[in-house]
Amino acid sequence: MTDTVSSINDLITLLRKDQSSDGSWNYPFETGISTDAYMIILLRTLEIHDEKLIQGLAARIISRQEENGAWKIFEDEKDGNATATLEAYYGLLYSGYIQKEESRMKAARKFILEHGGMESVNVFTKIMLSSTGQYKWPESFPIPVEIMLLPLSFPFNFYQFSVYGRVNLAPILILAEKKFSIKTKNSPDLSDLLLTRAGETPWDIQPEYRSLLSAIKEGVEDLLELPEQFHSMAMDRAKKYMLERIEPDGTFYSYFSSTFLMIFALLSLGYSKDDPIIKNAVAGLKALRTDIDGLPHMQYANASVWNTSLINAALQLAGLSQEDSAVKKANTYLLKRQHDQFGDWVIHNPNALPGGWGFSDVNTRNPDVDDTTASLRSIARSAEDSPIHQDAWDRGVRWLVSMQNEDGGWPSFERNTENPWLGFLPIEKGEYMFGDPTSADLTGRTLEFLGNYTNLPDQDPAVQNAINWLLNNQEQNGSWYGRWGVCYIYGTWAAVTGLIASGMAKEHPSIQKAADWLKSIQNEDGGWGESCLSDSEKSYVPLNASTITDTAWALDALIAAEDQPTESILKGIHYLVHSIAKEDWTTAYPKGQAMAGSFYIHYHSYRYIFPLMALAHYQRKFGQ
């Protein structure tokens, strides 16, 4: 018989050891090498000579290079990633510590040229290249700055983009309008990475899109009746949008990309490199540094609230009481991070009061549904005994329920931002950068929380509408697509556990179909593994290897869906308890995603959190 008890105890011991003195867990939020390259480019552009950091980031980038000269964003990406390779190449050259003539740089350059050159990289990277004088700005950007002035009633307006899209878009609009670029005496020359002659660099803006741009401009002119003034008003609005959303640590909405872009946008508006806002922003970015295998990595965001809430809830599932010192310290930390400010979410949810939680330690105005349910699970047991916890609980639950979309499901950051125009945007991956639709993972996890942690009846319209959304959005094969994890195993786990927590019978055809699908993709070794390629393919792609996290998700879903420990469950448990300590490429494989084909996340905490949850549920249900 597999010893689940000792595995649970080992995980508890490890997590206790890794808890910080403030009660949080600060496992790295690892996102490849792009942010490392961008940090080098930013520091060199601002002529900030933090040589130790730059040298360390360059060393980390080099350590990730493949034998063919390319960089990958996940292990089974075929040859490499052209965008990541160009970013790495640029960052290394600008660092000054690597020379263009070195064989590894020649190999990288060859790979970039063979995969479409500088013209083939994604729009976000082209914006960075244009801002640093390496690529020509288009005559007109796909989204004009005048969008800042359109009212909410207009069918295409700034607040129909997701908050993640807006905070990146506001500085981009300023930069594109100014056609700003800045070089230094140490800027490398990347012109040999262009396949077309200078001046012919394409931005893939289709002619049919021009009519939409015209409609936006005409709409603004008609509304204002001041065509000569609307341009400068729009620029002021974009600048104000940024400056009003700077977090106490100096970052713009706590994200690396938006802060990086804001710094360049402010430079384009005449701010000096030594302006306090820019200096504080750089300090905020430097604070995102973590160390992995002895080398620095610039995190895209700090994930301590997410890590802490998930870990603390898992520890309590595994038997720790709410009076345990680790649990109490974590809850004290989380209570201090509950939001009391209105953020952009109030625009589409004007009748709600603050009460959610955000993702990162420094996030004060951008709560999200996932972090809120995770934090509420963490404090749930303490709410009955403590007025402070009860107040936090009440505010959190009210905010969470208020965020339900009209279609019945839950988004991440803002309700009812479904944007019919996203499909027309000539920006690849626009639906990821600019959209925040209902997703199976958010809806499933919210249902699981409401069903297992609150007194909301199963027949409540909010619950029934969410159930209906999930049933209507199940894939033909029985799976669900998960927006924030990789991908179908994750979404199926969230949906199945949510539906069962909401009172759905295990015999329901939807549950049985999902369970059958999970069993059908189990590997010979008893584990499960899904490729990041699922995300781009929009269908399940096996990894052809098992991962600890995928196995925990699949197991947790099957444990919820079965009355007895089936052969699939027993094989999965055996794999899990014998793999918890392993270290190989599968343990570093990304299990979080943000933008298909571009941006994946390796959460260093997941290999502990989700096995602990699955093992705890297994032991509670089957007593083994």
> Do Y300 and S257 have a side chain donor and acceptor closer than 3.5 Å?
Replying inline: yes
>> Can you confirm whether the side chains of S378 and N331 place a donor and an acceptor under 3.5 Å from each other?
In response: yes
> Excluding sequence neighbours, so at least two apart, what forms side-chain hydrogen bond (donor to acceptor under 3.5 Å, both in side chains) with N473?
Replying inline: none
> Picking from V369, T373, L456, what satisfies side chain to side chain contact (heavy atoms under 4.5 Å, CB included) with F449?
Replying inline: T373
> Looking at OH of Y490 and OH of Y606, how far apart are the two atoms once the value is rounded to the nearest 0.5 Å?
Replying inline: 5.0 Å
>> Could you check whether any side-chain heavy atom of W71 comes within less than 4.5 Å of a side-chain heavy atom of I61, counting everything from C-beta outward?
In response: yes
> Residues in side-chain hydrogen bond (donor to acceptor under 3.5 Å, both in side chains) with Q65, at least two apart?
Replying inline: none
>> Checking I511 against E507 for the side-chain contact (heavy atoms from CB on, under 4.5 Å) test, could you report, in this order, the C-alpha distance in whole Å, the side-chain angles of both residues, the deciding distance, and whether it holds?
In response: CA-CA 7 Å; I511 301 294; E507 296 74 30; over 6 Å; no
> Taking all atoms of both residues into account, what is the closest heavy-atom pair of A301 and Y255, and its distance?
Replying inline: CB-CD2, 4.4 Å
>> Testing the 3.5 Å rule here: is there a donor-acceptor pair between the side chains of Y333 and S304?
In response: yes
>> D368: which residues meet the salt bridge (charged side-chain N to carboxylate O under 4.0 Å, His left out) condition with it, sequence neighbours left out?
In response: none
> Distance from S510 atom OG to L470 atom CG, nearest 0.5 Å?
Replying inline: 8.0 Å
> Any salt bridge (Lys or Arg N to Asp or Glu O under 4.0 Å) pairs touching residues 401-412, not counting sequence neighbours?
Replying inline: none
> Taking only residues two or more places apart in sequence, or in another chain, which ones meet S502 in a side-chain contact (heavy atoms from CB on, under 4.5 Å)?
Replying inline: L447, V463, I467
>> Test of understanding: with side-chain contact (heavy atoms from CB on, under 4.5 Å), list the residues that count as partners of K571, not counting sequence neighbours.
In response: Q522, E567
>> Regarding D18 and Y608, do their side chains bring together a donor and an acceptor under 3.5 Å, going by distance alone?
In response: no
>> Below 30° counts as parallel, above 60° as perpendicular, anything between as tilted: where do the rings of H578 and H574 land?
In response: tilted
> What's the spacing between Y575 OH and T547 OG1 if we round to 0.5 Å?
Replying inline: 6.5 Å
> Do you see a donor-acceptor pair shorter than 3.5 Å between the side chains of W469 and T438?
Replying inline: no
> Do Q299 and T290 get their side chains close enough for a donor-acceptor pair, meaning under 3.5 Å?
Replying inline: no
> Is the closest basic N to carboxylate O distance between D441 and R445 below 4.0 Å?
Replying inline: no
> Strictly by modelled atom types, are D36 and H297 linked by a side-chain donor-acceptor pair under 3.5 Å?
Replying inline: yes
> Side-chain donor-acceptor pair under 3.5 Å between Q338 and R395, yes or no?
Replying inline: yes
> Without hydrogens or angle criteria, can the side chains of K538 and S534 be said to hold a donor-acceptor pair below 3.5 Å?
Replying inline: no
> To the nearest 0.5 Å, what is the distance between CG (L14) and CG (N9)?
Replying inline: 12.5 Å
> For L320, which residues count as a side-chain contact (heavy atoms from CB on, under 4.5 Å) partner, sequence neighbours excluded?
Replying inline: I12, R16, L315, D324, V327
> If we only count heavy atoms from C-beta on, is the Y589 to H602 side-chain gap below 4.5 Å?
Replying inline: no
> What pairs of residues pass the salt bridge (Lys or Arg N to Asp or Glu O under 4.0 Å) test when at least one of them lies in residues 62-75, not counting sequence neighbours?
Replying inline: E30-R64
>> Looking only at the aromatic ring of each residue, does the gap between the centers of Y603 and F29 stay below 6.0 angstrom?
In response: yes
> Residues two or more places apart in sequence or in another chain: which of them pass salt bridge (charged side-chain N to carboxylate O under 4.0 Å, His left out) with R377?
Replying inline: E448
>> Give me each pair satisfying salt bridge (Lys or Arg N to Asp or Glu O under 4.0 Å) with a member in residues 455-480, each pair once, sequence neighbours excluded.
In response: none
>> Rounded to the nearest 0.5 Å, what separates atom CG in L376 from atom NE2 in H389?
In response: 11.5 Å
> Heavy atoms, side chains only, cut-off 4.5 Å: are T549 and E530 in contact?
Replying inline: no
> Applying side-chain hydrogen bond (donor to acceptor under 3.5 Å, both in side chains), which residue pairs with at least one partner in residues 512-521 are found, sequence neighbours left out?
Replying inline: K519-E562
> Taking the side chain from N312 and the backbone from T308, do they hold a donor-acceptor pair closer than 3.5 Å?
Replying inline: no
> Any salt bridge (Lys or Arg N to Asp or Glu O under 4.0 Å) pairs touching residues 547-559, not counting sequence neighbours?
Replying inline: D550-K591
>> Between D3 and S6, is there a side-chain donor-acceptor contact under 3.5 Å, judged purely by atom types and distance?
In response: yes
>> For the CG atom of D535 and the OH atom of Y540, what is their distance to the nearest 0.5 Å?
In response: 14.0 Å
